[in-house]
Amino acid sequence: MTEAPKPFAITLDPGSSKANHTGSWRSERPVYVDRLPPCNAQCPAGENIQGWLYHAEGGDYAAAWQVLMQDNPLPAVMGRVCYHSCEGACNRGTLDEAVSIHAVERFLGDYALDHGLRPQVAAPPSGRRVLVVGAGPSGLSAAYHLTRLGHAVTIREAGPMAGGMMRLGIPRYRLPRDVLDAEIARILGMGVTLELNTRVADIEAAFAEGFDAIFTAVGAHLAKRTEIPAHAAARILDAAGFLAQVETGEAPQLGRRVIVYGGGNTAMDVARTVKRLGAEDAMVVYRRSRAQMPAHAFEADEAEDEGVMMHWLRTITAVDGAAVTVERMVIDASGRPQPTGEFEVLEADTLILALGQDADTGFLARVPGVEVASDGVVGVDARMMTGRPGLFAGGDMVPAERTVTVAVGHGKKAARHIDAWLRGGALAAPEKHAPATFERLNTWYYDDVPRSLQAELALVRRQTGFDEVVQGLTEATALYEARRCLSCGNCFECDNCFGVCPDNAVIKLGPGNRFRIDYDYCKGCGLCAAECPCGAIEMVPEIA
Amino acid sequence: MTETQKVRFYQTGTHTVGNRLMEPASRTVQASPERSNAITSGHRACQGCGEALGARYALDAAMRATGGRMVAVNATGCLEVFTTPYPETSWQVAWLHSLFGNAPAVATGVVAALRVTGQHDVRVVAQGGDGGTTDIGFGCLSGLFERNDDVLYICYDNEAYMNTGVQRSSATPAFARTATTPATGPHPGNVAGTGKNLPRIAMAHEIPYVGTASVADLHDLEAKVTRAMAIGGARYIHIHVPCPLGWGAAAHDTIRLARLAVESGLFPLIEAEHGEVTAVKPIRRRVPVEDYLRPQKRFAHLFRPGHEDRATLAAIQATADANIRRYGLCPEGQE
Ligand SMILES: Cc1cc2nc3c(=O)[nH]c(=O)nc-3n(C[C@H](O)[C@H](O)[C@H](O)COP(=O)(O)OP(=O)(O)OC[C@H]3O[C@@H](n4cnc5c(N)ncnc54)[C@H](O)[C@@H]3O)c2cc1C
Ligand SMILES: Cc1ncc(C[n+]2csc(CCOP(=O)(O)OP(=O)(O)O)c2C)c(N)n1
Ligand code: SF4
Ligand code: SF4
Ligand code: SF4
Ligand SMILES: [Mg+2]
């Protein structure tokens, strides 16, 4: 074949510049990374919040819920009662307001209940049996995760119903019981055996029955007391006992005026419950100031909205019939409350002490190797194992913050270590990604959108009944709220890197598959990294 | 379907190149793996070149608008040199280069040739740097406008003659240091009060369409190219393309600088038809001009430690403020 004649003065065939591998110019290379978003890092239950929000953003609530369920079996509960420390850490809080993570979580939890979603269980049966003692959030979480890992689980619960403090402590107006019941039923539906009214008193006997490992999560139910000189017939109750009675329909007579002594979340719940039971005056007496109370500000706010009276900086010094003598306190330079010698008298028909609880772990003191502190708290190692091999513990009974979320996290962590222990190995700690800090974001790209608010029940109904106070988000608002997530440190496929590369060195791999750098042509300019909104690209020096 | 579709908030909206939450039609051409990549890899542009990026953005949009039935005519300059070192080329579009100053005239000739050969559906885009456009090719371009030839002319404005070593052009901003306007003497940098604002000169020709665009706003840029390709006659688009080398800026700052130019008011994004402004893109987060100037070494003489040239900075700020006033870039309450 003869070649076509070339135009005048042309001696070479035209070629593509692709022959020129400009990658050799590079001194730094872009690398795709996944960083740990601050919300995830903060979550005591170890949720992959950014991960499930990603699916929720796209409206795939079922997928979002499945990701959530990898860590937490109680999203509808948690979306209501978790104190959501994740939101305090959320990077969007630095931009405008934190993502309302708990509200989306609650939406997903309710969505799953409405649609009858079931968690995916993959592991084949291990042939191992694990006993869980206590059906509170920690025990339920452990049972769920152990089941997912293939183990046969039995829960023994001393009381007549499962739920622990989620049922006996947290009032219905914050956690409706149909929600709690449904999430517990779903866990049991996975094949967990629940034995109610079965108090475990002898751990070694339980091991002797053939359980390969035991997880105890018996909570902290023994009311702390304080010495108050009481004359005449003053009615003094304890908070946990009182709330449990209300829950079981045996609410005691309180009279018109009730004082709740304490400044924690429990005190607020008790005062709000008292109000709902019809007391005219529900008063909280606390020895420190509002700023120092252990209760969350929003709980005190909600209590005050409902008409609870707060007496900050007061200690109760004597009770004589209906006369409750309180002493005024001042905060000294070191932040401690000091008595002033000034007294007042408040009138109350009932005094409820909300001074905290100790763990009822006497039955463990006899187990060799188990360390029980004077307040009943049990020592565990990094695996959540006590000094007795195979005996693990978590939740309120071990030294940690006492919340449902921590309890659920302990259940998960213990389950993973129990699994490793049963399989004769140790759980390798997964490599933690570097933090996705705010400074790494390019916030230009995110729309300016305020946080969505959850509606609240009308005040009259809050003062008279136990209907849920805080309302859920609609699908539209939940979707909107999920989309406020900045996807910190994890690619959300915005195509910026693909678009901004002057050298077409970013290859788009298609939906869900992210991107790849073509190092033959990448000159290492760093534009992709600079313009990635979420900081998912890092520039790494080339080794000479 | 569900409520999903009623939610009008898409996380990053149209600020990002793509957005998996939006229907594909509202994503950019650049978000598509099927984009034509008018300039392919292996070109010799500097790291982070704004011109390489801007030209691919614009021509890919024009390729989509014409279904690939187009010819590009290029003036001499970086864009031509870094793409086409004989015998290689990066162009994946029918492409023609003649001289530094004659691109508009060559484009007119191509239009005529297509007409006489009966290829009525093939459109012509001409392109050049600011030097080729505002200086040496200016006469030809004015003629093209005046004859209303069916050409979209795109100027990639990197504010100097970059290809030959950063000499001043009539588009170089006041006070900028270039090889021919050194930062020495009583009036360092480029002179103030001269130069040409070519979009306004194009508007004075009352041609069908004039637009300004930036590599920092891809959606806006593509919309303008697409709009221009839907119109016949002479059209002009002026794209701001930072040059890391000529501006003394970091390669990774190209888009950030382009964005700051827009957000400070120094580079207004506007559209005009038949000499009248028809649309302006409001400033989203206004910044002082200093934010834009400070990262560029060509303005370093304004920021000498202890001797910041406040008077000059104020003069540049006044230019931005005048733009904002002229085009109403900061809607009510935002200024
Ligand atoms: C009023 C109140 C409100 C609260 N509000 C919140 C809130 O809003 N958010 C939050 O995160 N946390 C809240 N908490 C704390 C939270 O409820 C607890 O931290 C959490 O329930 C602890 O879980 P757990 O599984 O360790 O123990 P628990 O929930 O206490 O469950 C322990 C279970 O073990 C059973 N048990 C005890 N001994 C035995 C035995 N020997 N054999 C068998 N079973 C036994 C008990 O009957 C109980 O069911 C609140 C607590 C109270 C008291
Ligand atoms: C008639 C003529 N004069 C001078 C040159 C040398 N020359 C080639 S490119 C160039 C500068 C181009 O500047 P500009 O148009 O702004 O494009 P840039 O390189 O900045 O993209 C010059 C002066 C030439 N090629 N032809
Ligand atoms: S913006 Fe999203 S990923 Fe980032 S911290 Fe908040 S919830 Fe987590
Ligand atoms: S933008 Fe392109 S050339 Fe620049 S570092 Fe990223 S991949 Fe490499
Ligand atoms: S720029 Fe966008 S697409 Fe690229 S890595 Fe970042 S988030 Fe993902
Ligand atoms: Mg130039």
Side-chain angles (χ1 to χ4, degrees), chain A residues 10-22 25-26 57-59 442 444-449 474-477 479-480 482-487 492-505 507-511 518 520-521 523-531 533 539, chain B residues 2-13 15-21 27-28 30-33 37 39-54 56-57 82-92 215-216 218 244 250-256 259 263 284-285:
Chain A
I10 299 284
T11 52
L12 297 172
D13 283 325
S16 166
S17 62
K18 285 204 155 187
N20 184 28
H21 285 188
T22 51
W25 302 13
R26 199 172 53 235
E57 286 153 26
N442 188 336
W444 165 261
Y445 290 103
Y446 299 102
D447 263 325
D448 311 296
V449 277
T474 62
E475 194 216 317
T477 22
L479 184 67
Y480 163 100
R483 289 177 174 189
R484 292 185 65 244
C485 173
L486 310 174
S487 193
F492 59 113
E493 300 192 13
C494 74
D495 293 330
N496 259 14
C497 50
F498 180 60
V500 303
C501 177
D503 293 278
N504 312 359
I507 299 165
K508 182 167 171 169
L509 301 174
D518 185 345
D520 280 351
Y521 299 107
K523 292 173 186 161
C525 69
L527 269 177
C528 50
E531 300 304 322
M539 297 304 291
Chain B
T2 58
E3 282 183 85
T4 316
Q5 277 151 0
K6 287 186 226 144
V7 175
R8 282 267 152 263
F9 161 56
Y10 297 101
Q11 190 171 40
T12 55
H15 301 304
T16 41
V17 169
N19 188 331
R20 69 185 175 99
L21 304 176
R27 305 177 196 171
T28 61
Q30 289 302 313
S32 164
N37 281 332
I39 303 177
T40 194
S41 308
H43 61 71
R44 273 83 163 165
C46 300
Q47 293 160 318
C49 174
E51 191 168 58
L53 194 57
R56 193 189 76 222
Y57 284 177
F82 70 63
T83 55
T84 315
Y86 175 74
E88 284 168 19
T89 184
S90 308
W91 294 103
Q92 308 199 110
V215 284
L218 178 59
H252 63 249
D253 270 345
T254 294
I255 291 175
R256 182 169 80 100
R259 183 158 58 232
E263 294 302 294
R284 183 167 168 231
R285 293 182 192 156

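Labels below follow one simple rule: chain letters A, B, ... track the order of the sequence lines, proteins then strands, and each chain is numbered from 1.
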Which atoms of [X] approach chain A - backbone, side chain, both or neither, heavy atom under 4.5 Å:
X: B/I255; answer: both
X: B/T84; answer: neither
X: B/R44; answer: both
X: B/Q92; answer: neither
X: B/R20; answer: both

Interchain contact, [X] with chain B, by part (heavy-atom threshold 4.5 Å):
X: A/P14; answer: both
X: A/D520; answer: neither
X: A/V449; answer: side chain
X: A/K508; answer: side chain
X: A/C528; answer: neither

Interatomic spacing from [atom1] in [X] to [atom2] in [Y] - rounded to 0.5 Å:
X: B/R27; Y: B/T16; atom1: CZ; atom2: OG1; value: 10.0 Å
X: B/T40; Y: A/N20; atom1: OG1; atom2: CG; value: 11.5 Å
X: B/Q30; Y: A/N504; atom1: CD; atom2: CG; value: 8.0 Å
X: B/F9; Y: B/L21; atom1: CZ; atom2: CG; value: 9.0 Å
X: B/R259; Y: A/E531; atom1: CZ; atom2: CD; value: 4.5 Å

Using the ring of A/W444 (Phe, Tyr or Trp, six-membered ring only), decide whether B/R256 places NZ or CZ under 6.0 Å from its centre and within 45 degrees of its axis.
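The answer is no, since B/R256 fails at least one limit relative to A/W444.
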Residue selection (most heavy-atom pairs with chain B, distance under 4.5 Å) from [options]:
options: A/G526, A/S487, A/G499; answer: A/G499
options: A/A530, A/A19, A/S16, A/A482; answer: A/S16
options: A/D447, A/T22, A/N442; answer: A/D447

Partner chain A: residue of B/C46, B/P87, B/G13 with the largest heavy-atom pair count (under 4.5 Å)
B/P87
I'd like to know which of B/G54, B/G48, B/G50, B/P244 tops the heavy-atom pair count under 4.5 Å against chain A.
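Most heavy-atom pairs under 4.5 Å with chain A: B/G48.
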For B/H15, is there any backbone N or O sitting under 3.5 Å from a side-chain donor or acceptor partner on B/T12?
no
For A/E493, all residues meeting side chain to side chain donor-acceptor pair (under 3.5 Å), sequence neighbours excluded:
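Partners of A/E493 by the side chain to side chain donor-acceptor pair (under 3.5 Å) criterion come out as none, since no residue qualifies.
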Please enumerate all residues that pass side chain to side chain donor-acceptor pair (under 3.5 Å) together with B/T254, with sequence neighbours excluded.
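Per chain and number, B/T254 pairs via side chain to side chain donor-acceptor pair (under 3.5 Å) with no residue.
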When the ring planes of A/F492 and A/Y446 are compared, do they come out parallel, tilted or perpendicular, using 30° and 60° as the limits?
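Parallel, since the angle between the ring planes stays under 30°.
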